[in-house]
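Presented below is the structure to which this report refers.
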Amino acid sequence: MADLISAETLSDLLLAIEDERSWDPQAELARAVGIEEAARVLGDPLLIARARLCQANMRLRSGDIAAAAEQIWQVHEWAVANDARLLMARTHLIWAAIHQNLGDAEQALEHALLSVELLDDESTTHMHIWHRTKLADALWSAGSMDAARVRYAQAEELAVRTGSPALLCLLNNHAYAEYDTGNQERAEEVANRLQRLADERGIHLEPAFLDTVGAIQIGNGRYAEAEATMRLCIERHGEGRHEDADALAEYLLTLAQAQRGLGAHQRAQRSLDTCRTICTERDLVDVLVRVHQEQAELHADRGEFAEAFAVHKTFFDAYQNLHSLQREARTRTRQAMFETVEARQEAERFREQARRDPLTGLHNRRFVDESLPSLIESDPGLIVALVDLDHFKQVNDRLSHNVGDQVLVRVAGILADGAAAASPAGFAARMGGEEFLIVLPGTTAGRAGGLLDGIRRAVRDHGWREITRGLPVTVSIGVAASTDLSAPTQSTLLSTADSCLYAAKHAGRDRVVTSTSRGYASAA
């Protein structure tokens, strides 16, 4: 039958995969494989390349990032050699998604930009809308929300003008981006547009979009509305048209957060228990980590502080284990990518970029995970310290996220300078958000307390007025020494430092707490 299908028909079949949203990537993968076989019968290399790119995209959506990366290189090389501009644009869009999955925001943004720059009059309307939407997503992930809004607005204007079905999805992405960056009023405004549009078109919002709406309602303190939204979300999920392995667990977790906000602790506990069961049955490690975190919050809200602290430690251990699994998976994917000639040529630059935080320039968690175990093994005098900015949310809320970023960059510089001055091989890393790590090789526990207290004072006494308009900036520091543990590992050292940081926060902040003294220095 394959030899009876015309090139035009195959092109239309591919376009349906390229420009339409599907909930069954495995079925679409099989279709794309069949189209490739038919295109080979016709001897049409462009159709073959398009079919293979669709396959790469569906493999990515199915979670097989390594296979997607390996296949996309071949398509990219053919597209460049044959000046297939539209194919190159689609290739860069998928490359952006691959790098996003690998946690490389800078590379994702670079490919997303290229995917838009390559658009022309021959590009489909969907491409013009969706490539700009994904560029906006990449800008948001890279910390450039103002620039992201411009691209979301461009995509929305075109989608409204053409009546594109992609409008709902792009509004959902925009709403979540605003929510994720702490812009709750903007998030609610976009979410309201999403809901009005669905009502106008007589469309039921799909569960994933309702989950976004519910999260935004929680962020704005409208817990009763959020609970109703999430019950509707779970009801629609039960219809079976929008199924992902982790979807129901995600929705139950959001429901539990809404119920906790209402003070409906029993309902929240039931939702969490159901969510935990699903996570265990389906091996949803990522969601389970956040279940532990929410359970700790629920215990704290009920005044069960001992239980909250115990679950917090469980959360921390689970988080470390999850990160280890993610690192291993990403390593396998990167290895597949490095097998190509071009990837090998870029390997060194890629390696350094992948181990740096794009905002502060410090080493990131990946660097820590790769270097700390060997340091622990080789250095019996190793000191690690977790550093957390005190009341950092006030900086973002009262000033702006831009000011918050400036504060993070300044603090990062102070920590890096302090670590280097304290130990020749010392370094600072950003672990995420407002949390940093200082590693001091070859430093005694007694000397470390004074050195780290000097760093604490350097942060407090820095000239912040020009940035924060008088709002103080201080840090709390929790310190752990290898010598204090019988068999130190990365997990035990960081867990000990985290416990000391917890003690520093609860003792009044702006202080250093060590594993030996449990209260080395306080604000002076």
Side-chain angles (χ1 to χ4, degrees), residues 312 316 319-320 323 356-357 359-369 371-372 375 382-396 404-423 425-441 443 445 447-462 464 467-468 471-482 484 490 493-524:
H312 175 77
F316 186 82
Y319 181 86
Q320 293 294 325
H323 191 73
R356 290 283 177 182
D357 172 54
L359 176 65
T360 64
L362 293 183
H363 293 300
N364 61 13
R365 182 180 286 272
R366 179 181 298 151
F367 175 88
V368 171
D369 288 340
S371 61
L372 193 55
L375 283 173
L382 190 69
I383 298 291
V384 300
L386 283 172
V387 183
D388 192 82
L389 270 73
D390 299 324
H391 302 299
F392 182 65
K393 188 174 184 296
Q394 291 184 8
V395 176
N396 285 331
D405 285 350
Q406 293 180 54
V407 169
L408 288 171
V409 170
R410 291 283 184 95
V411 168
I414 294 170
L415 300 185
D417 291 344
S423 171
F427 66 88
R430 186 182 180 196
M431 301 295 277
E434 64 267 31
E435 187 176 76
F436 299 82
L437 178 74
I438 294 176
V439 177
L440 302 178
T443 308
R447 181 168 173 264
L451 292 171
L452 290 163
D453 193 55
I455 293 173
R456 175 192 67 82
R457 285 184 280 107
V459 173
R460 183 196 61 191
D461 298 336
H462 182 73
W464 293 110
I467 300 177
T468 65
L471 196 66
V473 176
T474 61
V475 295
S476 298
I477 304 178
V479 189
S482 290
D484 295 334
Q490 176 171 329
L493 267 176
L494 291 178
S495 180
T496 301
D498 187 61
S499 297
C500 291
L501 176 60
Y502 185 88
K505 291 286 188 181
H506 282 264
R509 296 181 170 82
D510 188 21
R511 65 193 63 224
V512 177
V513 171
T514 70
S515 55
T516 52
S517 66
R518 287 286 175 164
Y520 177 86
S522 61

Note, [X] side chain near [Y] side chain (heavy atom, < 4.5 Å):
X	Y	result
Leu501	Ile477	no
Val407	Ile467	yes
Leu375	Val439	yes
Gln490	Asp369	yes
Thr474	Leu389	no

Point-to-point distance, once rounded to the nearest 0.5 Å, from [atom1] of [X] to [atom2] of [Y]:
X	Y	atom1	atom2	result
Asp498	Leu437	CG	CG	11.0 Å
Thr468	Leu471	OG1	CG	5.5 Å
Arg460	Arg511	CZ	CZ	11.5 Å
Arg447	Leu452	CZ	CG	10.0 Å

State, to 0.1 Å, how close [X] and [Y] come at their nearest heavy-atom pair, and which atoms those are.
X	Y	value
Ala480	Ser515	CA-OG, 3.9 Å
Asp510	Ser476	N-OG, 3.2 Å
Val409	Leu359	CG2-O, 3.7 Å
Gly433	Leu408	O-CD2, 3.9 Å
Gly449	Thr514	CA-CG2, 4.5 Å
Ser423	Pro441	OG-O, 3.0 Å

Expected output: side-chain [X] to main-chain [Y] donor-acceptor under 3.5 Å:
X	Y	result
Arg430	Leu362	no
Arg457	Ile455	no
Ser499	Ser495	yes
Trp464	Val459	yes

Going by salt bridge (Lys or Arg N to Asp or Glu O under 4.0 Å), name the pairs with one or both residues in residues 384-396, residues two or more places apart or in two chains. Asp388-Lys505, Asp390-Lys505, Lys393-Asp397

May I ask you to decide if the ring planes of Phe367 and His363 are parallel, tilted or perpendicular, using 30° and 60° as cut-offs? parallel

Against Val384, only a single residue in Leu372, Val479, Ile438 fulfils side chain to side chain contact (heavy atoms under 4.5 Å, CB included); can you say which? Leu372

Taking only Lys NZ, Arg NE, NH1 and NH2, and the carboxylate oxygens of Asp or Glu, determine whether Arg456 and Asp453 approach each other closer than 4.0 Å. yes

Kindly indicate, with the supporting measurements, whether the criterion side-chain contact (heavy atoms from CB on, under 4.5 Å) is fulfilled by Thr496 and Asp484. CA-CA 10 Å; Thr496 301; Asp484 295 334; over 6 Å; no

Run His462 and Val473 through side-chain contact (heavy atoms from CB on, under 4.5 Å) and show every step you take. CA-CA 8 Å; His462 182 73; Val473 176; over 6 Å; no

Side chains of Thr360 and Asp357: donor-acceptor distance under 3.5 Å anywhere? yes

